[in-house]
Amino acid sequence: MGDIAPRELISFAYDEGNSVTANVLGRDPGWSAGLETEIVVQTPLVSGRIDLILYSSKLESWADALDKLDAGEDVAWMEMSNGPSVLIQLAGERDCPEVVVEDTSRGPWSRCGCRLFLRTTAPLVVRLVPDPRDRHPGRGGPDR
């Protein structure tokens with residue numbers, strides 16, 4: 001398998017400065033089937049970045065998520081996995097599209113050696129293009 005050029009997998013943005021992107025950065029050096037990826041959330045109020053490794057089933061589930069968006073359904077990508085989840089609600093709390101990125105699997109270690117679960121939630125109002133495939137032509141992500 002050849003090298004993978006960095007590529008944007010997800011990009012949702014709103015004119016007010018809210019954005020959520022997922023960028024494939026390249027192959028994971030420790031696992032040839034894995035793709036180093038980052039999810040970046042930016043708002044005027046809060047910004048954050050999560051690193052993760054994606055593999056083919058995660059990319060296939062993103063293609064399925066795009067199909068659901070095409071059908072007018074809300075989407076939960078990677079919801080049942082260990083790591084971040086991306087929730088896309090077509091009619092969020094403010095009756096407009098909203099993206100929520102959650103990562104309850106990470107947090108600092110406490111003195112007793114237990115993992116502390118922190119939850120930071122920043123629902124973002126975003127504008128979706130009429131057909132999500134127009135913005136996400138790869139649908140399945142980077143060429144494998």
Side-chain angles (χ1 to χ4, degrees), residues 1-90 92 96-144:
M1 291 196 245
D3 288 333
I4 301 288
R7 175 179 286 181
E8 187 175 80
L9 180 63
I10 298 172
S11 179
F12 295 110
Y14 186 64
D15 298 339
E16 303 294 321
N18 296 341
S19 68
V20 176
T21 58
N23 303 300
V24 174
L25 305 174
R27 291 220 183 270
D28 179 57
W31 182 38
S32 63
L35 297 173
E36 288 184 342
T37 306
E38 66 178 0
I39 296 175
V40 179
V41 175
Q42 299 220 327
T43 76
L45 178 64
V46 63
S47 296
R49 180 178 182 269
I50 301 170
D51 295 316
L52 66 147
I53 305 298
L54 290 181
Y55 45 95
S56 61
S57 68
K58 298 286 186 191
L59 296 174
E60 290 166 7
S61 69
W62 176 240
D64 293 342
L66 288 174
D67 289 340
K68 288 180 180 179
L69 284 174
D70 284 347
E73 298 176 35
D74 291 345
V75 170
W77 183 48
M78 301 190 299
E79 184 179 37
M80 300 305 289
S81 66
N82 183 19
S85 300
V86 177
L87 310 168
I88 303 168
Q89 301 168 334
L90 296 175
C96 54
E98 188 174 88
V99 176
V100 177
V101 177
E102 294 181 330
D103 186 13
T104 57
S105 67
R106 301 169 193 224
W109 292 92
S110 70
R111 287 187 205 163
C112 69
C114 302
R115 194 80 185 227
L116 299 176
F117 292 99
L118 306 175
R119 181 176 178 191
T120 301
T121 302
L124 303 180
V125 175
V126 295
R127 179 170 297 147
L128 298 179
V129 295
D131 183 348
R133 290 178 291 189
D134 292 343
R135 184 68 177 118
H136 304 285
R139 295 189 62 97
D143 298 329
R144 293 176 240 147

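Quick note: residue numbers are just sequence positions, from 1. These values consider heavy atoms only, across backbone and side chains, with no hydrogens, waters or symmetry-generated copies.
Remark: the backbone N or O of L90 is paired with a side-chain donor or acceptor of D74 at under 3.5 angstrom. Looking at R7, its side chain never comes within 3.5 Å of a backbone N or O of V24 through a donor-acceptor pair.
Atoms CD1 and CD1, from I88 and I10 in turn, are 6.5 Å apart once rounded to the nearest 0.5 Å. Separating the OG1 atom in T37 from the CG atom in L59 is a distance of 7.5 Å, to the nearest 0.5 Å. Taking CG of L52 as the start and CE of M78 as the end, the distance is 5.0 Å to the nearest 0.5 Å. Atom NZ in K58 sits 13.0 Å away from atom CG in L35 (nearest 0.5 Å).
For the side chain to side chain donor-acceptor pair (under 3.5 Å) test, residues two or more places apart in sequence or in another chain that qualify with S61 are W77. With sequence neighbours left out, E38 forms a side chain to side chain donor-acceptor pair (under 3.5 Å) with N23, R49.
For the pair N18/P44, a side-chain contact is recorded, criterion being any heavy-atom separation below 4.5 Å from C-beta on. Residues E36 and I53 meet the side-chain proximity criterion, which asks for heavy atoms closer than 4.5 Å.
Residue pairs satisfying the salt bridge (charged side-chain N to carboxylate O under 4.0 Å, His left out) criterion with at least one member in residues 81-90, sequence neighbours excluded, are absent. Screening residues 27-55 for ring-ring contact (aromatic ring centres under 6.0 Å, His included), with sequence neighbours left out, gives W31-Y55.
Of all non-hydrogen atoms in E73 and L69, the two that sit nearest each other are O-CD2, 3.6 Å. The two residues L87 and A76 make their nearest non-hydrogen contact at CD2-CB, 3.4 Å.
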